[in-house]
Amino acid sequence: MAQASGMDPLVDMEDERPKWDNKLQYLLSCIGFAVGLGNIWRFPYLCQTYGGGAFLIPYFIALVFEGIPLFYIELAIGQRLRRGSIGVWRTISPYLGGLGLGCFSVSFLISLYYNTVLLWVLWFFLNSFQYPLPWSTCPLDLNRTGFVQECQSSGTVSYFWYRQTLNITPDINNTGTIQWKLFLCLVACWATVYLCIIRGIESTGKAIYFTALFPYVVLTIFLVRGLTLPGATEGLTYLFTPNMKFLQNPRVWLDAATQIFFSLSLAFGGHIAFASYNPPRNNCEKDAVTIALVNSMTSVYASITIFSIMGFKATNDYWRCLDRNILSLTNEFDFPELSISRDEYPEVLMYLNATQADRLAQLPLKTCHLEDFLDKSASGPGLAFIVFTEAVLHMPGASVWSVLFFGMLFTLGLSSMFGNMESVITPLFDMGILPRSIPKEGMTGMVCLVCFLSAICFTLQSGSYWLEIFDSFAASLNLIIFAFLEVVGVIYVYGMKRNIFPQERRSSTQAGCRSPVYSCPSCPHCGSHQLLWLIYCTSTDRGGRIHIRKVV
Amino acid sequence: MLWLLLFLVTAIHAELCHPDAENAFKVRLSIRTALGDKAYVWDTDEEYLFRAMVAFSMRKVPNRETTEISHVLLCNVTQRVSFWFVVTDPSKNHTLPAAEVQSAIRMNRNRINSAFFLDDHTLEFLKIPSTLAPPPDASVPVWIIVFGVIFCIVVVAIALLVLSGIRQRRRNNKGPLGVEDAEDKCENIITIENGIPCDPLDTKGGLINDGFLTEDERLTPL
């Protein structure tokens, strides 16, 4: 039934359905969707935590066995069935329509809070056009004799982030008021998103040239700059040196699999939507491998840049720690200025410990080790808004680097937003929710307006707590369940149909798109709900191949 | 006799000015940090200048206009360069209250700093907090300006796209109507001009046959 009803819309869609102007737009859109903020601030953190270069092994294994097959499934069914996520799953089976609806809802929720992160990035971007940068000094207190107490205890960057930007309340129960600065940035963000998706892939396809390629330009600039900074090589060697004993920890493998999963933006429905605008005979197998590899290479490339700058920051902090100690000693014992160099410091300390230990004990001296500073890692918004902004302060020409960095983050996030919004808009168009008389611009405008109104809650003072809730609960577990059901749907349900209607004509394999999955009727592991086991199962050839055939 | 006087003077000096004396302040200079290669050596002439600056500051205080350089005593100069100083009253028996000295120094901190090419950070008066200069405040914050520019561009672009979309749709709606008019014309022409083939689809953009032009001129437009 589903197959029979799939016939007419397929013919109609051939004529009416928008198309990509060229293959490059499609590839860039998928790459832009996959390459997002997580490549910058999640992957380097994982690399650092799990033994540097050793993490690449589980990462690439997960890419080959989990990432590429799942990605291939999505591109294949999107391209062949030429509908958005809801339509595709309804076509495979009417009972699977809920899966599409689930992907649609998750994409909607993720759009809300993902754009909120973008508005924070935009706020920092706007504030970078001044020198000195506003997070370099604390504001003065009322007497003008010193700095604000809160700022002195927390540090200038944290103060700027938590107080001047978010104005955060102590806990989530105090909602506080709407921050009008963030509200304005929210308006600007949603207006920008609307501008880029106003006509669906017609407008997205033009905007993607800039938003997908600009981050690579900036990453290269930062790489060159980062490698020439002092301390970069120490950072790179320390953070990339493989430590194989981490591989024995099962957590590493789980995190690698999770990272690949979310990095490729699987189970959102966005790739299905993008692929549905492709010509049916496009070679989606090659596309899947290309895009997945580009995404992973971008992660590694970005982590080289990030590590070199983190190495610079750690070296800087280490030097400042030493200098503070040296200044304390100089002031206390009245040595001539600049008489103790950083290298001489340990000997001088030992000498003073031997001769004047009591006076030395009263001084607030901290132990400074470079490894301690290198070990300080951060991920997520903390990396971008606190650690990196502080690193940028010490680079000459700080404003330029800040503008470039936050501009790069904004375009990275924007290209991911295109995929999110497309996975919301394409099913709405396909289902024909609104009458055809309403133009496409009106439809996208209404979707953006609804998202904007819903996202106002993130501009409250407690907004970042709400964002953490959304991030933890809206996305992670739901997407894994949906991906599991996707695989089950394509293997069993689609495969089951083949058994149910064996007299159906089998067309020859479509020249472009072969199904990557193999039937697995007796897989012993399939009883469990572990997605990884299922992927392992599907990767081995246990039976005949299923072709995604032409519908009757 | 002279020796005795000298001895007395130094004794009094030592009594009034010594580390942690009453109303005494410690000063610390970081000349090499501030000036690098252009750093000058701290000698007795520089000390004289310092005493002059302190006396100058005290003269600005009401009731202290008669302060002389000799009233400012320096002691315990170290290699760091740091020393202690006190300001005595004209009788040279008592030191002036710390509060007065503090307020005088704060008022003239800028002049004292610039006399030595230093700033608040490199010429430190311990226990005298300096009034920090407020950061230069633009009347309109910079971020609002940039935001305004970006937002205006985005709004204008959206308006242009929407308007061009509306215009496109109107043109598409008119297009099929134009074809129908030409077909009516063609039928009329055929009925009027027996058997003359009509090429109504001007949308083809095909060739214009000159032979038909004269015929058309004789026909009255509908």
Side-chain angles (χ1 to χ4, degrees), chain A residues 122-134 136-141 143-147 165 180-181 184-185 187-199 202-203 206-207 323 327 329-339 399 403 410 437 439-442 444-445 448, chain B residues 19 26 28-36 39 41-42 76-83 106 120-122 124 126 128-138 141-166 168-170 172-173:
Chain A
L122 182 66
W123 166 256
F124 272 85
F125 176 75
L126 295 176
N127 273 295
S128 306
F129 284 96
Q130 49 189 299
Y131 187 78
L133 292 168
S136 58
T137 50
C138 281
L140 301 176
D141 62 12
N143 292 348
R144 286 164 52 184
T145 51
F147 298 119
T165 304
W180 64 272
K181 301 174 193 168
L184 283 181
C185 291
V187 173
C189 275
W190 278 109
T192 312
V193 170
Y194 177 51
L195 170 67
C196 294
I197 61 167
I198 192 169
R199 289 203 194 134
E202 275 178 53
S203 43
K206 313 274 188 311
D323 287 344
L327 193 64
L329 285 184
T330 316
N331 287 346
E332 173 64 25
F333 295 101
D334 287 320
F335 294 135
E337 244 187 304
L338 302 179
S339 54
S399 298
V403 166
F410 189 74
S437 57
K440 191 157 193 172
E441 290 92 333
T444 45
C448 285
Chain B
K26 183 166 183 184
R28 192 185 294 144
L29 287 92
S30 310
I31 308 172
R32 284 177 64 191
T33 314
L35 301 171
V41 178
W42 187 260
N76 279 68
V77 184
T78 65
Q79 271 189 310
R80 168 67 182 82
V81 180
S82 68
F83 48 84
R106 281 186 79 177
D120 281 352
H121 183 64
T122 40
E124 299 167 72
L126 303 186
I128 302 184
S130 52
T131 312
L132 300 166
D137 214 12
V142 174
W143 73 269
I144 289 189
I145 299 174
V146 185
F147 170 81
V149 167
I150 294 179
F151 194 59
C152 285
I153 294 176
V154 168
V155 167
V156 164
I158 290 177
L160 284 174
L161 281 174
V162 167
L163 285 175
S164 75
I166 294 176
Q168 188 100 15
R169 208 158 292 115
R170 244 181 248 154
N172 286 344
N173 287 342

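Numbered from 1 within each chain, the chains take letters A, B, ... in sequence-line order.
Of the atoms belonging to A:F125, it is side-chain heavy atoms, and not backbone ones, that fall under 4.5 Å from chain B. Contacts between A:E441 and chain B at a heavy-atom distance below 4.5 Å involve the side chain alone, from C-beta outward. Using a 4.5 Å cut-off between heavy atoms, A:I198 touches chain B through its side chain atoms alone. Interface remark: B:F147 contributes backbone and side-chain atoms alike to the contact with chain A (heavy atom separation under 4.5 Å). In this structure, chain A has a heavy atom under 4.5 Å from the side chain of B:R28, while its backbone stays farther away. For B:T33, the parts lying under 4.5 angstrom from a heavy atom of chain A are both the backbone and the side chain. Heavy-atom distances place both the backbone and the side chain of B:S30 under 4.5 Å from chain A.
Residues of residues 152-160 of chain B lying under 4.5 angstrom from chain A, judged on non-hydrogen atoms, are B:V154, B:A157, B:I158 by number.
With sequence neighbours excluded, the residues forming a side chain to side chain contact (heavy atoms under 4.5 Å, CB included) with B:V146 are A:L126, A:F129, B:V142, B:I150, listed by chain and number. Residues that satisfy the side chain to side chain contact (heavy atoms under 4.5 Å, CB included) test with A:D141, not counting sequence neighbours, are A:N143, A:T145. Remark: A:E332 engages A:R359, A:L363 in a side chain to side chain contact (heavy atoms under 4.5 Å, CB included) (not counting sequence neighbours).
Closest approach of A:S203 to A:L195, counting heavy atoms only: CB-O, 4.3 Å. The two residues B:I128 and B:R106 come nearest to each other via the heavy atoms CG2-CG, 3.7 Å. Shown here for B:L161 and A:R199, the closest heavy-atom pair between the two residues is O-NH2, 2.7 Å. In terms of heavy-atom proximity, A:Q130 sits nearest to A:S399 at O-OG, 2.9 Å. Considering all non-hydrogen atoms of both residues, B:I31 and A:E337 come closest at N-OE1, 2.8 Å. Listed here is the closest heavy atom pair of A:L329 and A:F335: O-CD1, 4.1 Å.
Heavy-atom pairs under 4.5 Å with chain B were tallied for A:L338, A:N331, A:T330, A:N127; the largest tally goes to A:N331. Interface summary for chain B: among A:T192, A:V187, A:L184, the most heavy-atom pairs under 4.5 angstrom belong to A:L184.
Ring geometry for B:W143 versus A:W123: interplanar angle over 60°, hence perpendicular rather than tilted (30 to 60°).
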